[in-house]
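Everything below concerns the one structure shown next.
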Protein chains: 2
Amino acid sequence: MSDLKSTPNPLFLRDDELRQGIELLFFGYRDFTARADQTLAAYDFGRAHHRVIYFVGRNPGMTVSDLLDILKITKQSLSRVLSQLVREGFIVQRPGTTDRRQRLLSLTDKGAELERRLTEDQRALVARAYKAAGADAVEGFKKVLLGLINEEDRVRFRTQNPAGPGSTPTMPGNTGGNSGGTGSR
Amino acid sequence: MSDLKSTPNPLFLRDDELRQGIELLFFGYRDFTARADQTLAAYDFGRAHHRVIYFVGRNPGMTVSDLLDILKITKQSLSRVLSQLVREGFIVQRPGTTDRRQRLLSLTDKGAELERRLTEDQRALVARAYKAAGADAVEGFKKVLLGLINEEDRVRFRTQNPAGPGSTPTMPGNTGGNSGGTGSR
DNA sequence: GATTTTATGTCAGCCATGTTGACTTATTTA
DNA sequence: TAAATAAGTCAACATGGCTGACATAAAATC
């Protein structure tokens, strides 16, 4: 019940086409994250840890504030996983050089190793899908996803840049969603 | 670990391309779900409710078992949200005709109304991204996502089918992931 | 130099949504 | 009649969001 068809839209904007897109996103994302979850479980970590490790891996020397901005969670929430990762030797913190209040984050060898394993899981999955779909499809895939992303974060992506200098933080796991922001951030 | 580049891969399979795909998925999915979350909050519902409402809406008369199979959560988890939705008049249960142990689920008018609002949020978002990207891009988008989905669920999608009879259950929100299955299912 | 702001962290407790385990109640099947 | 199945319930636990209230060190400002 429901879709009231009859919009003078191009075919690809028909109601059921959009529905299908919604569903593809759901299942696609679900399976995309499933792999890494297994690896994480072996370390007794969750997706929250994955995200931290991933971003710190991509932005060595980033500050806690930087990380909070990307993750969009409260510092209390971050603290839970971050301090655990530090305690267990996956991440190190060193005081900022110019601003000594900061704690610059980076992966230890151990942390980098885990990061590699986690990302490898997902990379392999994406590579398989890319290969099966072909280069043109990949272009379209990126274009559409980019359109789903809010303006603000969209700039993180310079699609088509053949060799970025290496500053395009991203993230793997999943996020609750509801920010709010009173505790911190 | 990690593809030491230098693989004779086509450009679109390069390491940083894959990384970017991973990141696009993360941000894209995050923002894709954000909209509906707001609507849900107004009803004091979460994504779990969304999923139930969505699937029941797509499969009127489905059994609880059917729903559990799709959601891949335990019946105890489902029970929490389902009974709430029934209690508050969004979903009705009626005994199965042939097998009276079953409780066939369907949306009430109130439930259908909410379903419409929720899906509308996401549909609009997807439509915007589709429109901006163009029909060809949409094809590619679907192709790649399909490749990310596990074989089993992939059959739910008959991409390219211009007018399915209406049996392609899907889901919007997000899922924890870890099944396990002792409690039920 | 004293005051205020900023970066980071911590304690405590709440909420949503997963999980496991143990059972109960109908109803269908064997 | 006995066993299996569909659905549901109670209880307890884990993860990972959130809020509020503070604490500490260092930087910035007056």
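These numbers were taken from a predicted model, which means no experiment stands behind them. Each chain gets a letter, A, B and so on, in the order its sequence line appears, and its residues count up from 1.
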Taking [atom1] from [X] and [atom2] from [N], how many angstroms apart are they, rounded to a whole number?
X: A:D37; N: C:dT19; atom1: CG; atom2: P; result: 12 Å
X: A:I73; N: D:dT15; atom1: CD1; atom2: P; result: 15 Å
X: A:Q102; N: C:dT5; atom1: CD; atom2: C1'; result: 14 Å
X: B:I91; N: D:dA7; atom1: CD1; atom2: P; result: 14 Å
X: B:L68; N: D:dT5; atom1: CG; atom2: C1'; result: 13 Å
X: B:K72; N: C:dT19; atom1: NZ; atom2: P; result: 12 Å
X: B:H50; N: C:dA16; atom1: NE2; atom2: C1'; result: 16 Å
X: A:R47; N: C:dT17; atom1: CZ; atom2: P; result: 15 Å

Under 3.5 Å, side chain of [X] to main-chain N/O of [Y], donor-acceptor pair present?
X: A:T108; Y: A:G89; value: yes
X: B:T63; Y: B:L104; value: no
X: A:R154; Y: A:L146; value: yes

A:Q93 near the nucleic acid: base, sugar-phosphate alone, or nothing, with a heavy-atom cut-off under 4.0 Å?
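If one applies the 4.0 Å heavy-atom cut-off, A:Q93 turns out to touch the sugar-phosphate alone, with no base involved.
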Any Lys/Arg nitrogen of A:K131 or B:E17 sitting under 4.0 Å from an Asp/Glu carboxylate oxygen of the other?
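Answer for the salt bridge query: no.
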Would you say B:R100 reaches C:dT28's phosphate, i.e. side-chain N/O to OP1/OP2 under 4.0 Å?
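Indeed, a polar side-chain atom of B:R100 lies that close.
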Should the side chain of [X] and the base of [N] be counted as holding a donor-acceptor pair, with the cut-off at 3.5 Å?
X: A:R101; N: C:dT6; answer: yes
X: B:R80; N: C:dG18; answer: yes
X: B:Q76; N: C:dG21; answer: yes

Relative to the 5' end of DNA chain D, which residue comes earlier, A:L78 or B:D99, by the nucleotide with the nearest heavy atom?
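Comparing both residues, the 5'-ward one is B:D99.
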If you assign A:G46 and B:R103 each to the DNA chain D nucleotide with the nearest heavy atom, which residue ends up on the more 5' nucleotide?
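Per heavy-atom nearest nucleotide, the more 5' residue is B:R103.
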Side-chain heavy-atom pair A:V64, A:Q102 within 4.5 angstrom cut-off:
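No; the side chains remain at least 4.5 Å from each other.
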Mapping B:S77 and A:D66 onto DNA chain C by nearest heavy atom, which one lands closer to the 5' end?
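Mapping each residue to its closest nucleotide by heavy atoms, the 5'-most match is A:D66.
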Starting from the 5' end of DNA chain C, give me the residue, B:V81 or A:T63, whose nearest nucleotide shows up first.
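First, find each residue's nearest nucleotide; the 5'-ward one identifies A:T63.
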Using the side-chain heavy atoms of B:S65, tell me which of these nucleotides is nearest: D:dT9, D:dA6, C:dT17.
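From the listed options, D:dA6 comes nearest.
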